[in-house]
Amino acid sequence: MPDLDKELRARRDSGRKLLIPYLMGGMTDDWPQTLAAVVAAGADAVEVGIPFSDPIIDGPVIQEAGLRSLTRGTVPQEVLDGIAGAESPVPVAVMTYYNIVFRAGHKRMARSLAAAGVSGAIIPDLPIEEIDPWAAEADGAGIATVLLVAPSSPPDRVERICARARGFVYAVARMAVTGERGDLGNDLTKVVERIRNCTDMPICVGIGVSTPAQAAEVCEVADGVVVGSALVRRLLEGEGPDGAAAFVGSLRDAIS
Amino acid sequence: MSGDSLMGRPGADGRFGEFGGRFVPEALMPACLELEKWFDDAWADPAFRAELDGLLRHYGGRPTPVTECGRLSERLGVRVLLKREDLAHTGSHKLNNVVGQALLTKRMGKGRMIAETGAGQHGVASATAAALFGLECTVFMGEVDTKRQELNVFRMELLGAEVRSVTSGSRTLKDAVNEAMREWVASVDTTHYCLGSVMGPHPFPYMVRQLQSVVGEEARAQCRDVLDGSDPDVVVACIGGGSNAAGTFAGFVDTGARLVGVEAAGGAAITNGIPGVLHGMHSRLLQDEAGQILEAESISAGLDYPGLGPEHAHLAAIGRAEYSTATDDEVLEAFRLLSHTEGIIPALESAHAVAWVARTAGTPALPPGSTVLITLSGRGDKDVAQVREIFGRGRDA
């Protein structure tokens, strides 16, 4: 599996801005084709959600996507099988909640991710205080645990988070749950600067980044952008792999 | 790690034995860490404690009495005492917690509280405290619960709170907590999340237990008055998240009394749950093999929760407390039994504790002649319409 940190660093250092679209695993029959389509449209990595019944950091769109996936009977291993089958040429990171990892067992989950060719994991309800048992297994299996920095994170925490982060640092653009927003808010520059002071890892910004114009604005200060709800909403509305590719292509064009 | 002392302070990581902790998004971690400091500081401040005690006494109606149940004791063959939280202002033990957290909200310089509610008792108590202190208040309540507890929705609105109906997931208590957490992320600078039970991320399970320990401390002294200096053989309380039980147990954990928590049969996180992580805590949860949380199902909205507080999971693990269940039918019988024999209509939640006593009285679990204290966590006025409808469907009241 591709190394998330090396891949993203190499692309950034070549002058490219990083684009990481988010998809909900298992939401439709053709979601692995959607994964392939967004890669072809210019994604540098893809974030794939493993649905959880109680997604406390997600807004209505991702909630609905998770519910739709669970209603179809999706279990975590099916999402991993879909990722493995897609044979993505760029790194894939899964995003899920800690109970899914805890229930499987840290070692078993880390091995399952590696076996599926997954490069990274984002577990937003697992703060640095609680991360060690998981991180030890993830590191051992070569899974990069991506950590989030929020506008509320004081500088000393940002330093500790950056020291423990692998792959890239996920900068939370605003104090909010996931979802589309009309603007980027006022916290973006501050958060990115705090992270930049602590690490030279790639910094990608997510939460509320909804349009090509916003993605371009983000990339003026950060290394890249994560776009979730704006893409997932289109998929919920019935757009398939082609529609997803068109939207991701428009983001790619905007950030170059 | 610590939390080894019985119902003492959890470890620095917020653990009671292996349970507890802080599993929240990074955005909320600073708020949880700050809240712990604010609470520690306030709890050690005699002026804060005096203000809280004064409010609970002069506004909340404390101390609540312990009532000896003559006719019920005769019927069951065990001596039954009730700790009467139903007589506290707003009709349940919930006010103890919210008055403390509302004081803390002001101390932190925040002007707004949010809360989740199941049956509406915590929502009503939160709205009450918010009105008393001039705070803004938003209460999240599952859509299913807004329907079965319509009157409590109106009460909260009458008290000046905004009630937001939650339509995600199972539309009950668990989803109300999800929505309150989401709102907290978006408003943490100005807003305190007034969690209603001994659950959630540290410091909530510890803080809420401390604020509810007044129930157990009063009850122990009152029981000793009635029982010539001795303690009850058994102390029983119902458990959803587990705050009235935690407050009660805190007063008896260092005595010889057996401690019994009674969960709803359809939401029995100790009996049927598996260790996991939800709502910021590591505890026991109803969940499937993949780790998806299952929906609890109970006649009482307040116990419709697929987990319980981490300290209860710990007390069960070390064997200091026992946990049992009561079915909806047993609960309805107990609701009627206490009403008929003592002239006290209990909340359906509290009726779970009564149901356990009624079922086990005279068996080895509660031998004849035992003395048992039941924390009657709330009054049943809110449930009368619902029970009437159920009895009307083929039962004679």
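Every chain is numbered from 1, with letters handed out A, B, ... down the list of sequences. Heavy-atom basis, side chains included; hydrogens, waters and symmetry copies ignored.
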Interchain contact, Leu67(A) with chain B, by part (heavy-atom threshold 4.5 Å): neither
Option that, when pairs with chain B are counted at under 4.5 Å, heavy atom only, ranks first among Val177(A), Leu148(A), Asp54(A): Asp54(A)
Within 6.0 angstrom of Glu159(A) CD, more than 12 heavy atoms from elsewhere: no
Minimum heavy-atom distance Thr191(B)-Lys110(B), with the two atoms named: O-NZ, 3.4 Å
Sub-6.0 Å ring centroid separation between Phe16(B) and His282(B): no
Interface moiety of Asp288(B) toward chain A, non-hydrogen atoms closer than 4.5 Å: backbone
Which of Gln287(B), Glu183(B), Met181(B) touches chain A most, by non-hydrogen pairs under 4.5 Å: Gln287(B)
Closest-packed option against chain B by number of heavy-atom pairs under 4.5 Å, given Gly59(A), Ala150(A), Ser152(A): Ser152(A)
Whether over 12 other heavy atoms sit under 6.0 Å from Lys147(B) NZ: no
Region of Val188(B) that comes under 4.5 Å of a non-hydrogen atom in chain A: side chain
Which portion of Pro275(B) sits near chain A, non-hydrogen atoms under 4.5 angstrom: both
Contacting moiety of Ile128(A), where chain B heavy atoms sit under 4.5 Å: neither
Top contributor to chain B interface from Tyr98(A), Tyr97(A), Phe52(A) [non-hydrogen pairs under 4.5 Å]: Phe52(A)
His279(B) (side chain) donor-acceptor with Lys174(B) (main chain) under 3.5 angstrom: yes
Donor-acceptor pair between Asp58(A) and Thr178(A) side chains, under 3.5 angstrom: yes
Heavy atoms from other residues, nucleotides or ligands near CZ of Arg111(A) exceed 12 (cutoff 6.0 Å): no
Which portion of Ile293(B) sits near chain A, non-hydrogen atoms under 4.5 angstrom: both
Distance, nearest 0.5 Å, that separates CZ of Arg182(B) from CG of Leu28(B): 12.0 Å
Within 6.0 Å of CD in Glu297(B), more than 12 heavy atoms from elsewhere: no
Region of Leu70(A) in contact with chain B, defined by heavy-atom distances below 4.5 Å: side chain
Under 4.5 Å from a heavy atom of chain B, the part of Pro127(A) involved: both
Part of Leu294(B) lying under 4.5 Å from any heavy atom of chain A: neither
Residue Pro60(A) versus chain B: region with a heavy atom under 4.5 Å: neither
